[in-house]
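So the structure is just underneath, and the comments pick up after that.
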Protein chains: 2
Amino acid sequence: MSGASLAVSTVIFALRSSGRFGEDGGERGLWLPLVRRIREPYEGRWALPGGPLGESEGLAEAATSTLAKTTGLAPRYLEQLYAFGDPERSGEQAGSAGKPAASGDRVVSVVYWALVGDDEARAARIGQNVRWFPADDLPALAFDHELIVEYALWRLRNKVEYSRIASAFLGATFTLAQLREVYEAVLGRTLDPANFRRQIEASGVLEDTGEVLTGVRHRPPRLYRYNQAVDLADQGPLGRLAQK
Amino acid sequence: MSGASLAVSTVIFALRSSGRFGEDGGERGLWLPLVRRIREPYEGRWALPGGPLGESEGLAEAATSTLAKTTGLAPRYLEQLYAFGDPERSGEQAGSAGKPAASGDRVVSVVYWALVGDDEARAARIGQNVRWFPADDLPALAFDHELIVEYALWRLRNKVEYSRIASAFLGATFTLAQLREVYEAVLGRTLDPANFRRQIEASGVLEDTGEVLTGVRHRPPRLYRYNQAVDLADQGPLGRLAQK
């Protein structure tokens, strides 16, 4: 019926300190796991984790299963990014001396993006041929995966400003400094603490839990949570429609 | 390789006066063309126009070709909406006495949404088994197409407020009253003219062309255009990345 086969891939973001993944110290940044390809085309190159869609598998289910196989993690946040279907995208490597891909090889990829929490990512079981890379220092990727990662980063950067997704990195309660750190890592720039506090407080998206961070003796900072009464673009309308 | 076949469908919106499509008079509202199914499952029901993806066809190209076949029109605006892939979505009609669909029948639909201009829609050649319906008074649809239309309406309503897509209904220049009429039709509610003017002027998204609407003798209204220097979410980052 169709001239294309279907795959589901996932861009997985974790927020980690710089230096070697899994070690503390340094500023925090975005990291993502990639899988080294063990066959042509693009053998030896790094690619987004993913695979063909199983017969009775939902799209989000396939993305979740990829995440589990690659990192041993469950997503804190998962959203469909885009379907990529350029007829040239699955072909041979540009400039490669290899055989051109057969015409039946065109793959349409439905791509998801996922956020995983710090603690989980730290304890993640890493699959074979999998390695974590900093999002701002990726190797050359297979297929059109550089474009896909760039799009996923754009979506994440936009979405952190008009949704509650930062809590996927933080848990349910957090200090303003912790939230600002997430924004800084996602946006890739430092933010003025006083301005950040003013803007966040004016937006009404947070509520004070009445509690403070424990283990801090002098002026322990307040803990906040996202205000669930505010209508934000968390999961798009499909989440909302599904709850009807 | 994959347990699913792939189709591309398109939700096509035109802005038309109420009453019979193609006639003038009454308030303007959103209309969309549907195709009556001539085979099972859901034979006789109305469905979104679409079809299987051709072997060397891009996804947006397939959506454009569906639009041309259904209405004879080229889109003024076209954007990918979502990929729908629930394993149950392509199966037999709920409560139908017909045979269950074979397990190989699962279809993943990559859905686009398109806007077409008034004048074009008025002159549209309508394909066989095609009819235009008001978006707020649709018949029962095949498959999960009601969910898809609901999502497309949600996306359109959101996007009209933070993009230039209203100009797809209006052309390059328009009066504030014409723009307000588009907002009212899309949002499905009347807007206070003075408030609308204040908010639009404060947003900085419009610029005064220095011209006025011709054919109006007393106080002809000014013509505006969208300010291209303002960064709006018109085509998502993929449009932007493609221009690099």
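Letters A, B, ... mirror the listed sequences (proteins, then strands); counts begin at 1.
For chain A, the option among B/A60, B/G58, B/A83 with the highest count of heavy-atom pairs below 4.5 Å is B/A83. Of the listed residues A/V108, A/V8, A/D86, A/V110, the one with more heavy-atom pairs under 4.5 angstrom with chain B than any other is A/V108.
The minimum heavy-atom distance linking B/S56 with A/P87 is given by the pair O-CG, 3.3 Å. Residue A/E55 comes nearest to B/R106 through the heavy atom pair O-NH2, 3.2 Å, listed as atom of the first residue, atom of the second, then distance.
Sparse packing is recorded around CZ of A/R197, with 12 or fewer heavy atoms of other residues, nucleotides or ligands lying under 6.0 Å away. Other residues, nucleotides and ligands place more than 12 heavy atoms under 6.0 Å from the CZ atom of B/R37.
Among pairs with a residue in residues 127-145 of chain A, those fulfilling salt bridge (charged side-chain N to carboxylate O under 4.0 Å, His left out) read A/R89-A/D144, at least two apart in sequence or across chains.
Applying the salt bridge (charged side-chain N to carboxylate O under 4.0 Å, His left out) test to B/E57 and every residue at least two apart in sequence or in another chain returns nothing.
Side-chain N or O atoms of B/Q80 include none that pairs as donor or acceptor with a backbone N or O of A/Y82 at under 3.5 Å.
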